[in-house]
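Mind having a look at this structure? Questions to follow.
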Protein chains: 2
Amino acid sequence: MLHLQDAELHTNEAYPGTQAVARAIALLKAFSDAQPEWGLRELAQATALNKTTAFRLLSALEAEGLVMRNPLSGGYRLGVEMVAMGGTAMRSNPLRAVSRPNLETLAQTVDEASTLEVLVGSQVLIVDEVSSRHPMGMSQDVGSRLPAHATATGKVLLAYAGEGGSAPLPSSLVRMTEKTIVDPVILALEFEQIRQRGYAVAVDELELGFVAIAAPVFDRERVAVAAISIGGPGLRLTADRLPEVTGLVQMTARQISRQLGYWPG
Amino acid sequence: MLHLQDAELHTNEAYPGTQAVARAIALLKAFSDAQPEWGLRELAQATALNKTTAFRLLSALEAEGLVMRNPLSGGYRLGVEMVAMGGTAMRSNPLRAVSRPNLETLAQTVDEASTLEVLVGSQVLIVDEVSSRHPMGMSQDVGSRLPAHATATGKVLLAYAGEGGSAPLPSSLVRMTEKTIVDPVILALEFEQIRQRGYAVAVDELELGFVAIAAPVFDRERVAVAAISIGGPGLRLTADRLPEVTGLVQMTARQISRQLGYWPG
DNA sequence: AATCGTGTTTCATATTATGAAATAATTGTA
DNA sequence: TACAATTATTTCATAATATGAAACACGATT
């Protein structure tokens, strides 16, 4: 059995002797905002797992509360334990702990929402968000992912990730609006400019009417581990405000970087 | 090998053939607000796993981003992928989707924070929170857990969980304040009263100066799947306001229940 | 230099995960 | 109502995969 289908299909060879865990996580990662509920067969198919194997792994995940079933449809969903662990993960994120007070003052100064984001593959993950009017809470979309090439933060992170050589461009640059940069060549030029200026701007690139300005956060090893941004409607974040806002974003990013042990030079 | 140490130690026999997954999840569950970072040896010890096994499983989790390492200390932490999954889990929670608008109006009407919580073992998990001043965001402690017997929501859920026979009392009733109910007999009487009245109040039981009022949310199978609450400082939530607030909390809970398919009678 | 405490790698072993096939449950269709 | 057709479970022989003892490497602290 086990017709050695394709062990080398997955790029992350990781560590031998953990097939079951890797597969279980693959199942968990299949759940998304777009498809939060799966039937067994389609989920097994989507993860390229044997139906029985998927069932067994899901049963284990369900027993631990990471996955729960819709009593009506019988479909699988992420469970409450996942919510709990995500909360713990977020609260224990050292980057977030350092950044939060800085993000709060930034958001209040500019009176627009500020975010902290990291690069995960070809997407940016919103690690924290402080909305200007509600400085104590965190926005709904913490934990959301967005296509990196269509966001200011993502462009910053991609620009500095590939600083040494060629930037690791996502294979497919999906178009979000007519302003989204989908040409790899133009995007490479954009990255060059971002590295020179030290910040990125995205106007209508993710969503029509949405403007964002982002700057990189460096750790003590001088790698861009995150990016912060100010984002809001173009009606408020007008062109004449950009120089001022850009300066504030860059200043905040430098402050966070310094608190992470980064030293310019 | 595998000196069959104690396969029956864990209560959840779950499904055979998923040892590795169950162990990996045990590792993940070890991370908490109190101890967000672990060394390999202590984590292996805490989860009763062989050091090598723990290392291998953690490597797999790390490769998938569920766990990350502190580059300085080498310690293990929950990773960013965990944040992402938690966010997805929360946003896809059907209970939360139904409750949120109701919680928002409740919070605004009373002008205090409202929460949605579910019972996980002997603790309540905060699934959602709407703070009165910041109605759009969600509070920091979504995903946090609190001892059920010391909270209004927890008491409600325990009272209705054991409705049929004896209530499933947590084995150790930890004392949070001098008002915390730690006597099982008194707690049982409290549950009886809660079932009769249809709501629970907790004054200074979790934290001195903190008052909360909770009511149960029923699904279409008439089981109390969650509880909602209003909570705030005793200085604002005074005794004379309780009747009014209690009514609003109960009304909101009934509305959510009805939207879940519950029909009274 | 030496000892202790970490984390990491190796490797023989058989326990444990595996998937084909059979069965049960559910749904849609004649 | 019976009959397909689809999905979810269970069973079970098989060996691939997870396992843990032991050896190793590395960095502290003495």
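Note on naming: letters A, B, ... go to the chains in the order of the sequence lines (proteins, then strands), and numbering restarts at 1 for each one.
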Ring centroid separation for A:Tyr76 and A:Phe31, is it under 6.0 angstrom?
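Distance test on ring centres: not under 6.0 Å, no.
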Between atom CG in B:Asn50 and atom C1' in C:dT13, what is the gap in whole Å?
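Rounded to the whole Å, the gap is 14 Å.
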Minimum heavy-atom separation for A:Ala26 to A:Thr47, with atom names?
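Reported closest heavy-atom pair: O-CG2, 3.8 Å.
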For the side chain of B:Arg56, starting at C-beta, report the closest nucleotide among C:dA20, D:dG20, C:dG7.
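Among the listed nucleotides, the one closest to the side chain of B:Arg56 is D:dG20.
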Who pairs with A:Glu81 by side-chain hydrogen bond (donor to acceptor under 3.5 Å, both in side chains), at least two apart in sequence or on another chain?
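Only B:Arg145 meet the side-chain hydrogen bond (donor to acceptor under 3.5 Å, both in side chains) criterion with A:Glu81.
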Under 4.0 Å between a side-chain N/O of B:Thr52 and OP1 or OP2 of D:dT19, yes or no?
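No.
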B:Leu58 CG - D:dG20 P separation (whole Å):
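Computing the B:Leu58:CG to D:dG20:P distance gives 14 Å.
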Taking the minimum atom-to-atom distance to the side chain of A:Arg41, which one of C:dA21, C:dT9, D:dT7 wins?
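The answer is D:dT7, which lies nearest to the side chain.
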A:Gln19 side-chain N/O to C:dA17 phosphate OP1/OP2 under 4.0 Å
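Negative; the distance criterion is not met.
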When we call it a touch if two heavy atoms are under 4.0 Å apart, what does B:Gly74 touch: a base, just sugar-phosphate, or nothing?
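Contact class for B:Gly74: none.
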Residue pairs involving residues 40-51 of chain A (criterion salt bridge (charged side-chain N to carboxylate O under 4.0 Å, His left out); sequence neighbours excluded):
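Those involving residues 40-51 of chain A do not exist here.
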For B:Phe55 and D:dG20, give me the distance from atom CZ to atom P, rounded to whole Å.
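So the CZ-P distance, B:Phe55 to D:dG20, works out to 15 Å.
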Examine A:Phe191 together with A:Tyr160 and report whether their ring centres are nearer than 6.0 Å.
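No; A:Tyr160 has its ring centre 6.0 Å or more from that of A:Phe191.
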Between C:dA25 (P) and A:Leu40 (CG): distance, integer Å
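Going from A:Leu40 (CG) to C:dA25 (P), I get 17 Å.
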Give the rounded distance in Å between these two atoms: CD of B:Gln45 and P of C:dG7.
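Roughly 11 Å, once rounded to whole Å.
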Integer-rounded Å distance: D:dT9 C1' and A:Glu62 CD
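The distance from CD of A:Glu62 to C1' of D:dT9 comes to 13 Å, rounded to the nearest Å.
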Nearest whole angstrom, please: distance from the P of C:dT18 to the CG of A:Leu49.
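A:Leu49 atom CG is separated from C:dT18 atom P by 8 Å.
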What interatomic distance, in whole Å, is found between P of C:dT13 and the corresponding atom of D:dT14?
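Looking at atom P only, D:dT14 and C:dT13 are 22 Å apart.
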Nearest-nucleotide 5' precedence on DNA chain D, A:Ala20 against A:Arg69:
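Taking each residue's closest nucleotide, the earlier one in sequence belongs to A:Arg69.
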Of the candidate nucleotides C:dT18, C:dT9, D:dT19, which contains the atom at the shortest distance from the side chain of B:Leu57?
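Nearest to the side chain of B:Leu57 among the choices is D:dT19.
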Atom-pair distance (NZ on B:Lys51; P on C:dT6), nearest Å
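Taking NZ of B:Lys51 and P of C:dT6, I get 9 Å after rounding.
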